[in-house]
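In what follows, chains are A, B, ... by sequence order, proteins preceding strands, each numbered from 1.
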4 protein chains.
Amino acid sequence: MPASATTALPFKVADLSLAAAGRHQIRLAENEMPGLMALRAEFGDAKPLAGARIAGSLHMTVQTAVLIETLVALGARVRWASCNIFSTQDEAAAAIAVGPTGTPGAPAGVPVFAWKGETLEEYWWCTQQIFDWSAEAAADGADYLGPNLILDDGGDATLLVHKGREFELAGAVPDDAASDSHEYRVILAALRESLAASTDRWTRIASDILGVTEETTTGVHRLYELAKEGGLLFPAINVNDSVTKSKFDNKYGIRHSLPDGLNRATDVLIGGKVAFVAGYGDVGKGAAEALRGQGARVIVSEVDPINALQAAMDGYQVARLESVIDQVDILVTGTGNVNVVTLDHLLGLKHLAVVANVGHFDNEIDMASLEALPGAEKVEIKPQVHEWRLPTGRSILVLSEGRLMNLGNATGHPSFVMSNSFTNQVLAQLELYVSPENYPVGVYVLPKHLDEKVARLHLDALGVELTTLTDEQAAYIGVPVDGPYKVDHYRY
Amino acid sequence: MPASATTALPFKVADLSLAAAGRHQIRLAENEMPGLMALRAEFGDAKPLAGARIAGSLHMTVQTAVLIETLVALGARVRWASCNIFSTQDEAAAAIAVGPTGTPGAPAGVPVFAWKGETLEEYWWCTQQIFDWSAEAAADGADYLGPNLILDDGGDATLLVHKGREFELAGAVPDDAASDSHEYRVILAALRESLAASTDRWTRIASDILGVTEETTTGVHRLYELAKEGGLLFPAINVNDSVTKSKFDNKYGIRHSLPDGLNRATDVLIGGKVAFVAGYGDVGKGAAEALRGQGARVIVSEVDPINALQAAMDGYQVARLESVIDQVDILVTGTGNVNVVTLDHLLGLKHLAVVANVGHFDNEIDMASLEALPGAEKVEIKPQVHEWRLPTGRSILVLSEGRLMNLGNATGHPSFVMSNSFTNQVLAQLELYVSPENYPVGVYVLPKHLDEKVARLHLDALGVELTTLTDEQAAYIGVPVDGPYKVDHYRY
Amino acid sequence: MPASATTALPFKVADLSLAAAGRHQIRLAENEMPGLMALRAEFGDAKPLAGARIAGSLHMTVQTAVLIETLVALGARVRWASCNIFSTQDEAAAAIAVGPTGTPGAPAGVPVFAWKGETLEEYWWCTQQIFDWSAEAAADGADYLGPNLILDDGGDATLLVHKGREFELAGAVPDDAASDSHEYRVILAALRESLAASTDRWTRIASDILGVTEETTTGVHRLYELAKEGGLLFPAINVNDSVTKSKFDNKYGIRHSLPDGLNRATDVLIGGKVAFVAGYGDVGKGAAEALRGQGARVIVSEVDPINALQAAMDGYQVARLESVIDQVDILVTGTGNVNVVTLDHLLGLKHLAVVANVGHFDNEIDMASLEALPGAEKVEIKPQVHEWRLPTGRSILVLSEGRLMNLGNATGHPSFVMSNSFTNQVLAQLELYVSPENYPVGVYVLPKHLDEKVARLHLDALGVELTTLTDEQAAYIGVPVDGPYKVDHYRY
Amino acid sequence: MPASATTALPFKVADLSLAAAGRHQIRLAENEMPGLMALRAEFGDAKPLAGARIAGSLHMTVQTAVLIETLVALGARVRWASCNIFSTQDEAAAAIAVGPTGTPGAPAGVPVFAWKGETLEEYWWCTQQIFDWSAEAAADGADYLGPNLILDDGGDATLLVHKGREFELAGAVPDDAASDSHEYRVILAALRESLAASTDRWTRIASDILGVTEETTTGVHRLYELAKEGGLLFPAINVNDSVTKSKFDNKYGIRHSLPDGLNRATDVLIGGKVAFVAGYGDVGKGAAEALRGQGARVIVSEVDPINALQAAMDGYQVARLESVIDQVDILVTGTGNVNVVTLDHLLGLKHLAVVANVGHFDNEIDMASLEALPGAEKVEIKPQVHEWRLPTGRSILVLSEGRLMNLGNATGHPSFVMSNSFTNQVLAQLELYVSPENYPVGVYVLPKHLDEKVARLHLDALGVELTTLTDEQAAYIGVPVDGPYKVDHYRY
């Protein structure tokens, strides 16, 4: 465990100049995150989150720093870890730890347990730290052990509580099974150590938790599974399926970061090229629009006939990848499915075609088969950009080794997009803390009026004038003047 | 009542040359309605609608003719009326009545009760005729009175059955109330006559009906109200909310027909002009895209902050109409709301600005106040195009008197768009007739796999190649290889 | 010759209600022709064309009516014929003949010799009338015979003067040659009659003419030929190659009228279809943009590698027609070349594909071979829309029999586009009349500052704010503050 | 002078691993520079440049490396310097110096005199080295002093020859004048040293030179001035005004690199923002298209009414900067003019608006006034990105200190764009060397058939199929089947 574990600044790099650089970036990001800043303005005085103890597990980036400081501005106390071993921006972590005043250890600094390039052991140690509120309890003269709210991304923090309590109830942590992944063994080891130290730590922690707000598809999927099995311990709000999350993050985020990543990785002219986009969901729609906007000719593939018809109506050629593979200069996947690009596809591409994935997982492109291909040679052009020399005599350029290239080759979603997601998060935390009576144990999407509120808070920054319904008009369509305006199944 | 009522060709104009012209258009439309033609190919031999007696009430256009002949090809017998007094295309009606062989009275001719420009009395007489299956019953030696299925658009046919039965149960038709509309008085009169002739006609008819498939928002709204009140007599399928209806009809239909209507009405160059689109739902999205595609600068208004944010992210200026009224050359409404364009707006427009509505009802523009304005003068430029000379000294050009200009100034949705809607209709009829056990009394949307089937049937015509999931991929995302592919709340 | 030849209203249809309808349209068109209206405002008091006698030969449309009345407002007297036997809009001709006051024969009425559907004999008779200024000379007590300026479109008026004088000098009109077209024989006959009546009529007319301003490529081509051969009798201004003519008329005019014509002709949904555009010059650029703006997938063909590369960089597939013919739903030609679409192409198209030409001449599509094809059958769907049933069993829809479909199936260029062209015309007339010393015999394009002026006069109507150079900036780039701003070879 | 001056690898960094990295990049760039590679294929055997001695002065980048090796492949010998003190990519220079074999000093290595970050003294020393062919002459046993061709970018190499000869003729180099820039003093010093060493060196060099090919506007402007004054010593080809240079480089290059630079500099979401583009020439057209393609709302300013009208017809709002300054999130200049953005504009922008220049010179934005503003504070966010805190309390983000941000914040034009420019360069060198009889002293643009050839050589890489004229078609439009296809004033 890191030596810094017991200090007030429990992250690897606590350099003040790093914190200062992070502070600069946070200040710039605040300007692009109007939703969060509006919540500070609205609730900063009332501090509705006073008393809230939030355990956060979400990529420790500059944007997350603005989220954290918003939670603090609303009265919450916060402990934070990243939800990915690589995604921490150290300067953001440093700035958050130091706090806005720039004085190390000053009150506003938030305990952060995150650095770029953690081992799995370190990662789960960090995650445990966000549940250890002993210092705060001591300062309060109170006897709680942990947080009363979780803000999660991918469900690891939620998993830890559920598994910890489960094993405490069982009285034992199971032995490692042969099929267990390395990561699961790390978790089991940590919980064995916990169980040895306390037989009811996670049970007590779980009982204090009012609920969790979850950021992503994956985490949401776990929550629905838990709820279906009857194992869910506290209410959960599914932030992922807010319109202002899913339709903005996926479509407009990718529209921005796909060409950004292509350019940083390769400097290849997009104009005039044939770009193939696998999948025409929100991610694919954003990708196709971005590539067309740069003058590429875009071909789309789809398995769902409705999305395929949408692509055709939007003017794109819709074809199977194998039908056009020898024309493709830029190949982009964003389907959410596995092995969408096979080894045969890779072997059929034009010389030095660019292969990039913007789907969530790294298995859209069958990298495993490529790596196992006799005679294939991998040459690093620069970090996250590899030329694969194929036995065919041709080469291809693979970005980020098939992982999310908008993170690996660019800088992920821009702040404005994240502001939408994170404003949903803060509103969801407020719901669980202020109105727990509305949320019996179960999984919820945010009510539509809050989804609309998230959008509303982002309009001024773009100079958007919203029209107001007259009373007559509101009555005519049967909605309140201030919304919500649509039926739940409205598709936007 | 028309003299033709008792003949085999019960419509006003039964001219054979008219029928021949209609047949030409039907043949061209068939090429643009691949979904319907595919159903003929799939089910033409099996004739799964054999025994079905369909009472249809839907605009008697060329596209509807292809729908009717598809129902017939699947084995159904059909009687048809229009659902609007103005919307019949007489050549289409003539062709349907005469039948594909072109011989008047030959078997394939379908009894059609529709002509362009009906009075309200004639309209409701026509609607009654589609429930009078006495001739068919006589031929069959059977004792049914009416249809066993309704295909409805707006709910008038369904209304007639429900009201007829209600008054039969009550034993009397109520007197006209002072607040009753002219149209409702016509209905009451018709039902009084019916009750005098038979005390259980509608009750018996209702008991034979397996269900109704409904085309539009308005009709669907009535059905949900009926179901909520417990008054719904048979199952209903809401075709309107199929994705392949609502997202195609509204968006791609308007994208086509808005500029078409503007051009036919005014011949004004759209390029370089400032166009204002009120509403950024599917209709507004299609309108804005069409106008931008013609080089206009588009400004959008919205009351829903989510849609407003979408408009901004799509690159449009979002403003209140009053803020920019003096810049607007072309004003388009498609909100579904009332008085979106007020008299003040109209008075503030540029000289000879064009005012057009593509929303469903004619009250989006406050025409009543304009008509009542002292000093305003209305000059007909050509049918459906009026210059209003205003007291300000400026004029404006109002299209279709504020009614749906894509119908009034253009020719409505193109066949390909209607093919999507109507393929949903046929599949819905099949569901009710073939699998009635799946549909207890209630209102249903079409199952997603049928929605996907509708899309699927339109792909070949556009040269779209659909990708097929591998078993591995289907398992990975947890869907059948052949779909359905998405959760119900997926937004497309 | 028509009986009306000697009357004050020498056109076929002089119906006052027709004139009133034309007046309506003229008033609406004036709002869309801000360049012409601005010239009236600028020069209406000074009347710089006082004394000018203009013989005009240009399509007698509503837009031309605004042109004529602008010339009159600037002080000119005008006589007018159409330059095409079909292109006259009778209501426009009537309105012009009657004059703005609406009183037949009132002073403002302009002698117009044009009606829709002239014979060739009538056409050339009409053209002669615009050179007969005897009535005006009598009224003036002057001895001139004809005009002192020509405004020409296609060069027929100019041809008549040159040929008339040539034959007078030769003392005889040549006999018809076997190879002479019917039209040329009509011209020779007219000039024989003229020579019989006077041996120096055209010689005297020619000597009075200060110059001609020519509208089109064809006419300009003739002028350059004449000048090269040394036969040009007076200076000529080539209006066709003004930037505000060629880059606006071709690109933005077609962008507007191509989809307009497709819609009026066929009502086929453009979205989702494969559209092929032959030629990527200005016409093709406008066509491709319009089709993409409606959601079509556009494929382009080109012979010039520079234009081909532009098309690729703009994101279009560039292919030879024969390579993709079996995918094409909509085929558009705009190349300026001959037999671009061959019979083989026509036979290879999809069933009921639409074939349309927006190039100047009707030989881009090899209609002759189609008409000669054994087994092909032509069925009129409606005027200017024909289904050709092919021996292959497929049909195609040919618009306007291969002639300019934006004229045949739509209404040609919108007024705003024509305002640019016609403002060039008026400025060119002013140049020749006011500053003849600048124009020795030869062919000129309008000086760049006038080209810029044309653009400038169209900005206010579109709400465009123009930025003004500071003196420092003008000096820095070495141009006057008020322009001209660019070197002659600048490509825009 | 650098110690390396007398070695075989006369650049600062001769590290072999640097050369290897450069070689990787050159290989990737070759795939994106099909025009140059096609010339190698066409002329590599014939070696038409055998005997050519080319002195090159042009940014020593990876793309230029491909240019240099193309010249070598065509038989030329080459010496190279950069034309800008900052623009050398050291790995490209290293790779070129080492040569394709990777063996230092091996024959293919080209003498390169360029490194990133030269002083002005070093810069002009480097430029002199490309004229010193004594080693080559010694090896040849010949008596020439210098090159027989110049390939220039900006005209510095050409200037040196002209000034050197001028002062030799005068017998003296003038004293420094008070108004002389530092750079000019450096030049004078170098030529004084040269004159002291030889009284006819530059005179002899000049007499051997067959001509120069010039890349940029600035250099071309100097050449036309020289020619006008009668001082031009040898023919010059203006590569800058080839269509495949000016219309591609400016429009499509900027379309690519503007959003790339914005993203790398700021990571700010472009979608939904208000972007202002000053200037709607080719650069502005590319910038506006790129920003719209990313979902920004674009406002354009123009001084030329023709370009302004184009912008309006393309659907952009056209406004003066001061009219909309308080709405602008992203401000882009590309006018070629000075002080387009004044201090008042900068003070009026939104908080943290981004200010970026893509015009050639760094004076489009009045940075001098900003730097002199009392109370303004400049904070470096990262290299080439500065926050300026203004006395108004707002900040702005200035990219690349107002210099070309596509170079400073991105990586300049992509290889494919440069391939067009450089293929023009090689063809121009061939013209001067192979057909000098066609080029008496004067300034020429490349003949249109070569401009077309440049385009032609870039089509295959994009999968473009070019259509071939039939003999009939070529005759019809009066051009050879193989082109050139257009009149010189055609605007594309």
(request) Could you tell me the separation between the CD atom of C/Gln317 and the CD1 atom of A/Ile299, rounded to the nearest 0.5 Å? (result) 7.5 Å

(message) What's the separation between atom CE in A/Met313 and atom NZ in C/Lys273, rounded to the nearest 0.5 Å?
(response) 8.0 Å

(message) Under 4.5 Å from any heavy atom of chain A, what part of C/Ile270 do you find: side chain, backbone, both or neither?
(response) neither

(message) What part of A/Leu269 gets within 4.5 angstrom of chain C, counting heavy atoms only: side chain, backbone, both, or neither?
(response) side chain

